[in-house]
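Structure record follows, encoded as structure tokens.
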Amino acid sequence: QVQLVESGGGLVQPGGSLRLSCAASGITTSFYTMGWYRQAPGKQRELVAHITRGASTNYADSVKGRFTISRDNAKNTVYLQMNSLRPEDTAVYYCNARAAFNFWGQGTQVTVSS
């Protein structure tokens with residue numbers, strides 16, 4: 001059974017930082033493109049960042065220069081370092097593993113507010 005378990009979300013003030021983690025079981029993440037998506041209330045789910053099997057990265061324009069995606073294949077875990085957080089970053093953040101199949105985590109809430 002495949003599981004992607006996100007952690008690290010929470011409440012942070014504007015300008016603060018959080019690091020999200022996505023721990024995978026049932027798959028070997030090195031064989032997948034791993035991504036982070038987010039969904040704010042009333043909005044569609046959107047790609048935040050992804051990292052390919054070859055470690056190429058891609059970011060949404062809104063997070064470039066502030067967020068960094070990385071992977072630790074030995075730990076079967078993917079991370080999203082989020083700096084300079086803004087209120088508009090508030091959303092549920094989902095981990096995604098994509099190859100021949102597509103898997104999702106249950107999401108973790110990130111709230112940026114003073």
Side-chain angles (χ1 to χ4, degrees):
Q1 182 181 1
V2 177
Q3 281 193 312
L4 302 178
V5 180
E6 301 99 333
S7 61
L11 173 64
V12 64
Q13 291 187 341
S17 297
L18 285 173
R19 188 175 84 150
L20 305 183
S21 299
C22 171
S25 59
I27 60 170
T28 302
T29 56
S30 60
F31 295 155
Y32 288 76
T33 290
M34 301 298 296
W36 287 96
Y37 289 72
R38 67 186 181 187
Q39 188 167 18
K43 295 188 176 181
Q44 289 190 331
R45 190 173 297 190
E46 63 176 0
L47 174 69
V48 176
H50 76 232
I51 183 166
T52 68
R53 292 173 57 181
S56 296
T57 58
N58 183 55
Y59 296 91
D61 287 344
S62 59
V63 307
K64 281 181 182 176
R66 300 188 298 123
F67 291 11
T68 303
I69 189 171
S70 61
R71 64 195 305 163
D72 185 335
N73 291 333
K75 295 183 178 180
N76 228 26
T77 299
V78 178
Y79 304 97
L80 184 69
Q81 178 67 44
M82 305 187 295
N83 298 328
S84 302
L85 282 161
R86 305 168 180 169
E88 54 263 39
D89 295 318
T90 296
V92 178
Y93 284 70
Y94 297 91
C95 180
N96 173 262
R98 177 168 53 86
F101 299 97
N102 204 21
F103 301 105
W104 292 92
Q106 82 289 349
T108 185
Q109 176 70 46
V110 171
T111 303
V112 184
S113 175
S114 55

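Counting begins at 1 with the first residue of the sequence.
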To the closest 0.5 Å, what do you measure between [atom1] ([X]) and [atom2] ([Y])?
{"X": "Met34", "Y": "Tyr79", "atom1": "CE", "atom2": "OH", "value": "11.5 Å"}
{"X": "Leu47", "Y": "Ser62", "atom1": "CG", "atom2": "OG", "value": "9.5 Å"}
{"X": "His50", "Y": "Asn58", "atom1": "NE2", "atom2": "CG", "value": "4.5 Å"}

Please name all residues satisfying side-chain hydrogen bond (donor to acceptor under 3.5 Å, both in side chains) with Ser7, sequence neighbours left out, ordered by chain then number.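 Per chain and number, Ser7 pairs via side-chain hydrogen bond (donor to acceptor under 3.5 Å, both in side chains) with no residue.
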
So which pairs with a foot in residues 100-109 pass salt bridge (charged side-chain N to carboxylate O under 4.0 Å, His left out), sequence neighbours left out?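 The answer is none; no pair qualifies.
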
Answer yes if [X] and [Y] sit in the same cluster of Ile, Leu, Val, Met, Phe, Trp and Tyr residues linked by side chain heavy atoms under 4.5 Å apart, and no otherwise.
{"X": "Val78", "Y": "Phe103", "value": "yes"}
{"X": "Val48", "Y": "Ile51", "value": "yes"}
{"X": "Leu85", "Y": "Tyr59", "value": "yes"}
{"X": "Met82", "Y": "Val112", "value": "yes"}

Strictly by disulfide (SG to SG under 2.5 Å), give each pair with a member in [range] just once, sequence neighbours left out.
{"range": "residues 36-70", "value": "none"}
{"range": "residues 28-64", "value": "none"}
{"range": "residues 43-76", "value": "none"}
{"range": "residues 30-87", "value": "none"}

Does any pair with a residue in residues 97-106 pass side-chain hydrogen bond (donor to acceptor under 3.5 Å, both in side chains), and if so which ones, sequence neighbours excluded?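 Passing the test, one end in residues 97-106: Glu6-Gln106, Asn96-Asn102.
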
Can you run down the side-chain hydrogen bond (donor to acceptor under 3.5 Å, both in side chains) pairs that involve residues 84-94, sequence neighbours left out, and say none if there aren't any? Arg38-Asp89, Arg38-Tyr93, Arg66-Asp89

Identify every side-chain donor-acceptor pair in residues 22-33 under 3.5 Å, counting partners at least two apart or on other chains, and give the distances.
from, atom 1, to, atom 2, distance (Å)
Thr29, OG1, Asn76, OD1, 2.9

Contacts of type salt bridge (Lys or Arg N to Asp or Glu O under 4.0 Å), residue Lys64, not counting sequence neighbours: Asp61

Would you mind writing out the side-chain donor-acceptor pairs for residues 8-21 within the sub-3.5 Å range, not counting sequence neighbours?
from, atom 1, to, atom 2, distance (Å)
Ser17, OG, Asn83, OD1, 2.9

